[in-house]
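For reference, the structure is listed below as structure tokens.
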Amino acid sequence: METRVIPVDREHLQKETVAEAAELLRAGELVAFPTETVYGLGGDALMPDAARKIYAAKGRPSDNPLIVHIADTGALPKLASEIPDAAWLLAERFWPGPMTMILKKKPIVPDATTGGLATVAIRMPSDPVAAMLIRESGVFIAAPSANASGRPSPTRAEHVYEDLNGRIPMILDGGSVPIGLESTIVDLTGETPMVLRPGYITIEQLREVLPDVQYDPAILKRVRDDTIVAKAPGMRYRHYAPKGELTIFEGDLAAVTARIQAEAEAKLAEGARVAVLASEETKDCYRGLTVRCVGDRDCEETVAAHLFETLREFDRMGAEYIFGECFPEDGVGQAVMNRLMKAAGYRIVRV
Ligand code: AMP
Ligand code: MG
């Protein structure tokens with residue numbers, strides 16, 4: 001299959017630009033498209049065959065459910081059988097935007113989309129291309145991140161092409177996405193609202209609306225501990241990982257950079273290909289090493305925006321060992337560290 005890449009100008013978005021993509025979706029085909037979080041791989045959420053094509057194209061385990069994307073809150077009662085007040089409060093405050101909620105599903109949502117679960121994940125994206133595609137197609141779009149399963153999520157159309165060329169008919173290329181990390185997932189099906197995946201919307205922001213929101217314990221773990229099982233199936237898999245072995249170092253920044261320098265030199269001496277994941281503030285501390293700056297510690301949004309593409313760059317340079325710094329876990333830092341720890345398979349060294 002030939003994969004066509006269609007440029008879209010977000011500033012001057014025309015219905016005609018997404019018309020063909022909308023037609024493909026209505027016909028049960030797949031289209032990759034930009035959202036404000038990462039690129040999504042979309043198919044008709046109510047068509048089991050379209051959902052199956054998504055799993056096949058990504059090589060995604062079929063028990064890892066998809067998020068259903070909607071364009072207005074009127075869609076909620078069509079997809080969810082129970083809508084607690086908390087859901088309306090979250091929708092009013094955070095939609096359209098990078099927040100996904102888990103609700104009990106209606107029978108219309110097929111098991112193929114929810115991985116056999118009785119619940120459904122729903123999000124209303126703010127990206128104009130995504131919103132127009134949902135509206136123009138008239139379809140609820142099931143869309144996981146548009147990467148091959150296990151690889152870092154795509155933040156540019158080139159990343160989608162790298163992973164899915166030949167496997168899907170179309171990619172809408174809207175350039176780099178603004179946020180760069182996947183949505184915050186909030187489960188509203190239990191007694192207490194639970195964050196199943198941290199994202200750009202922080203728990204502090206959620207608590208302004210729902211004061212009793214808690215983290216799923218799996219998010220807070222800092223070691224590989226298989227007795228703590230994540231409630232979001234997708235958070236159980238090895239994910240976001242570069243091909244090389246990534247180790248992250250935490251502690252006093254000066255000690256961390258010194259330790260990374262020493263570890264990297266030792267691997268270099270063995271003849272290995274080594275790279276360092278550093279920040280704006282530390283990138284000049286390293287000598288004689290291949291260093292990639294992921295962003296600015298003072299502005300964690302920049303780290304979020306560049307994390308996945310930096311991990312992909314390490315693959316392109318063939319890095320066998322990657323040594324990375326830790327980042328503060330406040331605000332969006334929680335999501336950054338969650339992805340980084342998973343990418344490292346919880347290989348964390350305390351300095
Ligand atoms: P992705 O869109 O690739 O970021 O993947 C969607 C994420 O949402 C995965 O981590 C899924 O496990 C999670 N998810 C989707 N539906 C549900 C659900 N019904 N219950 C819990 N987690 C879900
Ligand atoms: Mg994903």
Side-chain angles (χ1 to χ4, degrees), residues 37-38 60-61 63-67 82 84 86-87 89-90 93-94 98-105 114-123 144-145 149-150 152-153 179 181-241 246-251 300 303-304 307-308 324 326-350:
T37 57
V38 299
R60 180 174 173 111
D63 64 347
N64 185 6
L66 310 175
I67 295 174
E82 274 172 44
L89 290 171
L90 287 183
R93 172 71 189 272
F94 299 110
M99 188 273 308
T100 297
M101 51 176 117
I102 310 288
L103 297 170
K104 295 200 174 116
K105 81 172 186 77
T114 65
L117 295 177
T119 54
V120 57
I122 307 176
R123 177 165 103 83
S145 50
S149 192
S153 298
I179 293 177
L181 295 180
E182 306 87 341
S183 59
T184 307
I185 301 182
V186 190
D187 183 358
L188 297 176
T189 61
E191 288 275 288
T192 309
M194 299 288 265
V195 175
L196 304 190
R197 176 173 74 185
Y200 189 76
I201 305 290
T202 63
I203 198 162
E204 292 79 20
Q205 288 173 294
L206 294 169
R207 281 181 180 151
E208 288 169 18
V209 181
L210 304 178
D212 55 340
V213 181
Q214 300 294 329
Y215 277 125
D216 180 29
I219 290 173
L220 302 173
K221 71 177 180 181
R222 304 190 65 82
V223 288
R224 180 173 235 139
D225 177 351
D226 296 332
T227 62
I228 309 174
V229 178
K231 261 202 88 191
M235 297 297 278
R236 291 172 206 156
Y237 295 104
R238 181 179 150 87
H239 208 179
Y240 318 119
L246 169 65
T247 308
I248 48 183
F249 295 78
E250 68 176 354
E300 290 227 52
V303 180
L307 180 62
F308 287 141
C326 273
F327 293 87
E329 273 171 89
D330 37 68
V332 70
Q334 182 82 49
V336 166
M337 281 308 296
N338 169 268
R339 306 307 191 274
L340 202 49
M341 286 193 284
K342 284 181 66 69
Y346 296 95
R347 214 174 292 102
I348 307 168
V349 176
R350 172 106 213 128

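Owing to the predicted nature of the structure, the values given are computational and were not obtained by experimental measurement. Only heavy atoms go into these numbers, but all of them, side chains included; no hydrogens, no water, no symmetry mates.
Looking only at atom types and distance, the side chain of T100 has a donor-acceptor partner in the side chain of S183 under 3.5 Å away.
With sequence neighbours left out, E300 forms a salt bridge (charged side-chain N to carboxylate O under 4.0 Å, His left out) with no residue at all. Considering only residues two or more places apart in sequence or on other chains, F94 meets the ring-ring contact (aromatic ring centres under 6.0 Å, His included) condition with none of them. Shown here are the side chain to side chain contact (heavy atoms under 4.5 Å, CB included) partners of T247, two or more places apart in sequence or in another chain: E245, F249, F323, R347, V349. The side chain to side chain donor-acceptor pair (under 3.5 Å) search around E329 returns R222, not counting sequence neighbours.
What you find for V186 and P193 is that their closest heavy atoms are CG1-CB, 4.3 Å. When all heavy atoms are compared, the tightest approach of L103 to P84 is CD2-CD, 3.8 Å. Across all non-hydrogen atoms, the minimal contact from V336 to L307 is O-CD2, 4.0 Å. Contact detail for A87 and M101: the closest heavy-atom pair is O-CE, 3.2 Å. Here the closest non-hydrogen pair linking L89 and V209 is CB-CG1, 3.5 Å. Contact detail for V38 and L181: the closest heavy-atom pair is CG1-C, 4.0 Å.
Residues P233 and L117 have side chains in contact (heavy-atom distance under 4.5 Å, counting atoms from C-beta outward). Proximity of T119 to T114: side-chain heavy atoms (C-beta onward) are nowhere separated by under 4.5 Å.
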- Message: Before you tell me yes or no, could you show the steps for I219 and Q334 under side chain to side chain contact (heavy atoms under 4.5 Å, CB included), namely the whole-Å CA-CA distance, both residues' side-chain angles and the distance that decides it to 0.1 Å?
- Response: CA-CA 9 Å; I219 290 173; Q334 182 82 49; 4.1 Å; yes

- Between L340 and L246, does a side chain to side chain contact (heavy atoms under 4.5 Å, CB included) hold up when you go through it step by step? CA-CA 9 Å; L340 202 49; L246 169 65; 4.2 Å; yes

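Sorted by first and then second residue, the pairs that involve residues 181-198 and meet salt bridge (Lys or Arg N to Asp or Glu O under 4.0 Å), not counting sequence neighbours, are E182-R339, D187-K231. Residue pairs meeting the side-chain hydrogen bond (donor to acceptor under 3.5 Å, both in side chains) criterion with at least one member in residues 198-207, sequence neighbours excluded, are T202-E204, T202-Q205.
Interatomic distance, CE of M194 versus CG of L210, reported as 13.5 Å (0.5 Å rounding). The CE atom of M337 lies 6.0 Å from the CD1 atom of I348; values are rounded to the nearest 0.5 Å.
The backbone N or O of I201 sits less than 3.5 Å from a side-chain atom of T184, completing a donor-acceptor pair.
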